Protein chains: 2
Amino acid sequence: MNMTLEELTNKLKKKKIRLSYQRIKILEYINNHRIHPTVDQIYNDLRKEVPTLSKTTVYNTLNTLADSNLVKVITIGDNEARYDVTIKNHGHFKCESCGIIFDFNIDFNSFKIDGLSNFQINQKDIYFKGLCPKCIKKDASE
Amino acid sequence: MNMTLEELTNKLKKKKIRLSYQRIKILEYINNHRIHPTVDQIYNDLRKEVPTLSKTTVYNTLNTLADSNLVKVITIGDNEARYDVTIKNHGHFKCESCGIIFDFNIDFNSFKIDGLSNFQINQKDIYFKGLCPKCIKKDASE
DNA sequence: TAATTAATTTGTAATCGTTACAATATAGTA
DNA sequence: TACTATATTGTAACGATTACAAATTAATTA
């Protein structure tokens with residue numbers, strides 16, 4: 001799961017994104033912390049290693065990476081966006097109690113849809129909500 | 001598609017939501033304007049009929065109606081929420097060019113998912129993005 | 001390696017959607 | 001009709017995100 005510096009820089013080079021310390025660190029963070037972090041989480045964690053980091057840079061960089069499809073923006077109903085590595089065939093489940101976002105596998109080709117002929121589909125987002133096993137137990141014991 | 005005043009008031013009564021002119025008007029608007037409107041659209045359109053209407057009331061009412069499942073909040077990546085009638089088995093497609101949100105039919109039971117055993121699923125949101133037929137043509141002719 | 005130029009980072013201020021709050025008005029009930 | 005709880009309203013506050021300009025840095029060329 002953890003990626004080397006070389007792998008990360010290659011990812012950026014392939015997309016013709018200019019290398020910078022901040023960009024590499026942010027891309028590294030997204031790849032190595034698969035917790036669907038918010039901008040604030042990324043900013044506060046990385047600030048320990050990169051003291052000069054600005055929150056604007058985090059926003060700019062994430063937008064750049066998202067435009068190039070190197071990270072994925074998750075907008076699962078919250079007020080703040082969350083960020084994820086780009087991996088195919090997975091949906092997101094948000095626990096309404098603890099707020100944790102879980103990945104799950106879903107076969108996007110199994111969908112039986114009707115009403116999108118002649119549409120060009122570029123992106124499919126699957127967001128589920130409910131209770132995770134831990135919170136179901138917790139609720140039951142109260 | 002258009003609902004009578006009686007049908008609307010019954011919907012509210014069933015959910016034990018106190019009747020008010022504003023609530024009925026907003027619920028009526030959502031039911032009769034299936035364009036996935038924003039708060040601003042609802043507010044500006046209804047202000048013509050209900051001059052004293054406050055935007056806060058639109059927000060409050062929509063939250064109340066959403067809590068009771070009488071309307072559905074669509075957060076398809078925009079900065080602003082959109083609102084829809086509550087109808088089962090449909091997904092939302094947003095055209096990245098013109099911004100229009102289209103409904104499409106999708107069989108939620110056809111999903112082959114893996115990784116959510118022991119999870120309690122309360123809500124499933126399907127958001128697709130891409131280009132609608134009209135915008136595909138427009139782009140091609142430029 | 002040094003100089004050049006274009007792009008990036010940074011901090012602050014602005015923006016915009018949404019919510020908090022307190023005063024006024026209204027709905028449901030007795 | 002009077003009472004009480006709830007809803008509406010307008011303003012102010014909030015929080016996530018973006019705009020902007022100055023300082024810094026990356027890639028390029030000599």
Side-chain angles (χ1 to χ4, degrees), chain A residues 5 8-29 36-44 46-68 70-71 73-83 99, chain B residues 5 8-29 36-68 70-71 73-83 99 101:
Chain A
L5 189 66
L8 294 167
T9 54
N10 279 339
K11 275 195 171 194
L12 293 170
K13 279 182 183 171
K14 272 184 194 166
K15 295 288 185 177
K16 293 179 182 170
I17 297 172
R18 286 172 63 143
L19 300 177
S20 79
Y21 184 55
Q22 291 85 343
R23 283 176 174 172
I24 291 168
K25 278 295 177 188
I26 290 168
L27 183 58
E28 183 186 41
Y29 186 94
H36 316 98
T38 63
V39 166
D40 257 27
Q41 275 180 286
I42 300 169
Y43 172 65
N44 284 315
L46 279 182
R47 220 161 31 138
K48 296 163 191 162
E49 279 183 85
V50 192
T52 66
L53 187 64
S54 157
K55 198 180 274 188
T56 301
T57 299
V58 180
Y59 276 106
N60 289 340
T61 300
L62 289 170
N63 286 340
T64 301
L65 298 177
D67 288 346
S68 298
L70 289 180
V71 308
V73 186
I74 308 173
T75 53
I76 192 166
D78 271 322
N79 43 339
E80 52 187 347
R82 289 160 172 275
Y83 295 86
Chain B
L5 189 67
L8 293 168
T9 55
N10 279 339
K11 275 195 171 196
L12 293 170
K13 279 182 184 170
K14 272 184 193 165
K15 295 287 184 176
K16 294 180 182 172
I17 298 173
R18 286 173 63 144
L19 300 177
S20 78
Y21 183 56
Q22 292 85 339
R23 282 175 174 173
I24 291 167
K25 279 294 178 188
I26 290 168
L27 182 60
E28 183 188 40
Y29 186 93
H36 317 98
T38 63
V39 167
D40 258 27
Q41 276 180 284
I42 300 168
Y43 172 65
N44 284 314
D45 282 358
L46 279 182
R47 220 158 34 135
K48 297 163 191 163
E49 281 184 83
V50 192
T52 66
L53 187 64
S54 156
K55 197 180 276 188
T56 301
T57 299
V58 180
Y59 276 105
N60 288 341
T61 300
L62 288 171
N63 286 339
T64 301
L65 298 177
D67 288 345
S68 297
L70 289 179
V71 307
V73 186
I74 308 174
T75 53
I76 191 166
D78 271 322
N79 43 339
E80 51 186 346
R82 289 160 172 276
Y83 295 85
I101 294 176

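A note on names: the letters A, B, ... follow the listed sequences, proteins ahead of strands, and every chain is numbered from 1. These numbers come from a predicted model, not from an experiment.
- Among all heavy-atom pairs drawn from A:Leu8 and A:Ile24, the shortest one is CD1-O, 4.4 Å.
- Using a 4.5 Å heavy-atom cutoff, the side chains of B:Val73 and B:Tyr83 are in contact.
- Between A:Lys11 and A:Leu70, the shortest heavy-atom contact is O-CD1, 4.0 Å.
- Distance B:Lys16 NZ to D:dT6 P: 14 Å, rounded to the nearest Å.
- Listed by first and then second residue, the salt bridge (Lys or Arg N to Asp or Glu O under 4.0 Å) pairs involving residues 15-24 of chain B amount to none (not counting sequence neighbours).
- End-to-end axis angle of the helix from C:dT1-D:dA30 to C:dA30-D:dT1, from C1' rotation axes over five pairs per end: 30° (rounded to 10 degrees).
- Take A:Tyr59 and apply the side chain to side chain donor-acceptor pair (under 3.5 Å) test, not counting sequence neighbours, and it matches no residue.
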5' to 3', nucleotides 8-22 of chain D under a 4.0 Å protein heavy-atom cut-off (B base, S sugar-phosphate only, - none) gives SBBB----SBBB---
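- Pairing each heavy atom of A:His36 with each of A:Arg82, the nearest pair is O-NH1, 2.9 Å.
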Indicate every side-chain donor-acceptor pair of residues 47-58 of chain B with a distance under 3.5 Å to a residue at least two apart or in another chain.
unit_1: B:Arg47; atom_1: NH2; unit_2: B:Asn44; atom_2: OD1; d: 3.2
unit_1: B:Glu49; atom_1: OE1; unit_2: B:Lys25; atom_2: NZ; d: 2.9
unit_1: B:Ser54; atom_1: OG; unit_2: B:Thr56; atom_2: N; d: 3.1
unit_1: B:Lys55; atom_1: NZ; unit_2: B:Asp40; atom_2: OD1; d: 2.6

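- Residues B:Val71 and B:Ile26 fail the side-chain proximity criterion, which asks for heavy atoms closer than 4.5 Å.
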Can you list the steps and then say if A:Thr38 with A:Asp78 is a side-chain contact (heavy atoms from CB on, under 4.5 Å)?
-> CA-CA 10 Å; A:Thr38 63; A:Asp78 271 322; over 6 Å; no
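- Protein chain B contacts DNA chain C from C:dG17 to C:dG28, reading 5' to 3' and using non-hydrogen atoms of the protein with a distance under 4.0 Å.
- Here the CD1-CD distance, from B:Ile74 to B:Glu80, works out to 12.5 Å after rounding to the nearest 0.5 Å.
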